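Step one of this worksheet: look at the structure below.
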Amino acid sequence: MQGLLFDTDTGGRMVIRAVIVILGFWTAWRAGRAVASNWETYPLVVIYSFLIGLGLQFLHHALFNGPVFDVTIYIIDVALLLIFATAGYRYRRTDQMVNNYYWLYEKTSAFSWKKKN
């Protein structure tokens, strides 16, 4: 994600950057689902997103010789990772609530549920 829109790289480097971005988002999604699967609270999703953001910063530095730590890019990375992690968390928690407590709740969307009448 770092420098994805600003660098003039072409070819293989752009493909590798795209793969890293996709893997970062997928990892955030899976982290959110894992937290929900263990019935943990949402703040753990935030902590994991910050750690995944650090991992992405390291990958961009190691593979593309970027800066070791860029605060602006890190904040953007974490914000985007939080979106995916939150979506994974809410998706899994909705499934848990609807399937485990089917007599109490019904699904209203992929990310929410409501109490049955």
Side-chain angles (χ1 to χ4, degrees):
M1 292 184 331
Q2 177 179 346
L4 185 64
L5 301 175
F6 305 110
D7 286 350
T8 58
D9 292 338
T10 59
R13 287 179 62 137
M14 286 304 289
V15 171
I16 294 172
R17 284 180 190 233
V19 168
I20 289 173
V21 168
I22 291 168
L23 286 176
F25 290 158
W26 180 77
T27 303
W29 171 269
R30 296 298 300 168
R33 286 179 53 93
V35 170
S37 292
N38 291 325
W39 293 95
E40 299 289 339
T41 58
Y42 181 75
L44 193 57
V45 172
V46 176
I47 292 169
Y48 286 162
S49 295
F50 279 107
L51 293 175
I52 295 168
L54 286 174
L56 285 179
Q57 286 282 310
F58 170 74
L59 285 176
H60 285 292
H61 168 68
L63 295 175
F64 305 112
N65 202 20
V68 175
F69 186 76
D70 185 358
V71 176
T72 306
I73 299 299
Y74 179 69
I75 290 171
I76 294 169
D77 286 351
V78 169
L80 292 172
L81 291 170
L82 268 172
I83 291 169
F84 280 86
T86 301
Y89 178 83
R90 291 294 298 178
Y91 185 82
R92 177 67 181 128
R93 184 55 50 97
T94 299
D95 283 346
Q96 285 177 315
M97 296 301 284
V98 171
N99 293 330
N100 292 346
Y101 304 107
Y102 56 88
W103 67 92
L104 289 176
Y105 302 111
E106 61 186 352
K107 193 180 230 181
T108 57
S109 73
F111 303 106
S112 64
W113 62 92
K114 70 176 184 175
K115 196 170 190 111
K116 284 186 176 179
N117 292 333

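All values reported here derive from a predicted model rather than from experimental measurement.
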Check: Which pairs pass salt bridge (Lys or Arg N to Asp or Glu O under 4.0 Å) with one or both residues in residues 107-117, sequence neighbours excluded?
Finding: Asp95-Lys107, Glu106-Lys114

Next item on the list: Report yes or no: do Leu63 and Phe25 belong to one cluster of Ile/Leu/Val/Met/Phe/Trp/Tyr joined by side chain heavy-atom distances under 4.5 Å?
Entry: yes

Next item on the list: Quick one: list whatever passes side-chain hydrogen bond (donor to acceptor under 3.5 Å, both in side chains) with Thr108, sequence neighbours left out.
Entry: Ser112

Notebook entry, point to check: With sequence neighbours excluded, what pairs up with Ala34 under the side-chain contact (heavy atoms from CB on, under 4.5 Å) test?
Noted result: none

Next item on the list: Using ring-ring contact (aromatic ring centres under 6.0 Å, His included) as the criterion, list what pairs up with Phe69, not counting sequence neighbours.
Entry: Tyr74

Note to self: Would you compute the distance between atom CG of Leu56 and atom CD1 of Ile20 and round it to the nearest 0.5 angstrom?
What the structure shows: 8.0 Å

Notebook entry, point to check: In terms of hydrophobic clustering (I, L, V, M, F, W, Y; side-chain heavy atoms under 4.5 Å; direct or indirect links), are Trp29 and Leu51 co-clustered?
Noted result: no

Notebook entry, point to check: Is Trp39 isolated, or which residues cluster with it under the ILVMFWY side-chain rule of less than 4.5 Å, directly or via members?
Noted result: Met97, Val98, Tyr101, Tyr102, Trp103, Leu104, Tyr105, Trp113

Next item on the list: Applying side-chain contact (heavy atoms from CB on, under 4.5 Å), name anything that partners Thr72, two or more places apart in sequence or on another chain.
Entry: Asp70, Ile76

Next item on the list: Could you tell me whether the side chain of Arg92 and the main chain of Arg33 form a donor-acceptor pair under 3.5 Å?
Entry: no

Notebook entry, point to check: Is Tyr91 atom OH crowded by more than 12 heavy atoms from other residues, nucleotides or ligands, each under 6.0 Å away?
Noted result: no

For residues 80-89, which side-chain donor-acceptor pairs fall under 3.5 Å, sequence neighbours excluded?
unit_1, atom_1, unit_2, atom_2, d
Thr86, OG1, Tyr42, OH, 2.6
Thr86, OG1, Leu82, O, 2.7
Tyr89, OH, Glu40, O, 3.3
Tyr89, OH, Arg93, NH1, 3.4

Margin query: Do Val46 and Val71 sit in one hydrophobic cluster, given that two such residues count as connected whenever their side-chain heavy atoms are within less than 4.5 Å of each other, even indirectly?
Written below: yes

Notebook entry, point to check: Do Phe50 and Leu54 come close enough that some side-chain heavy atom pair is under 4.5 Å?
Noted result: no

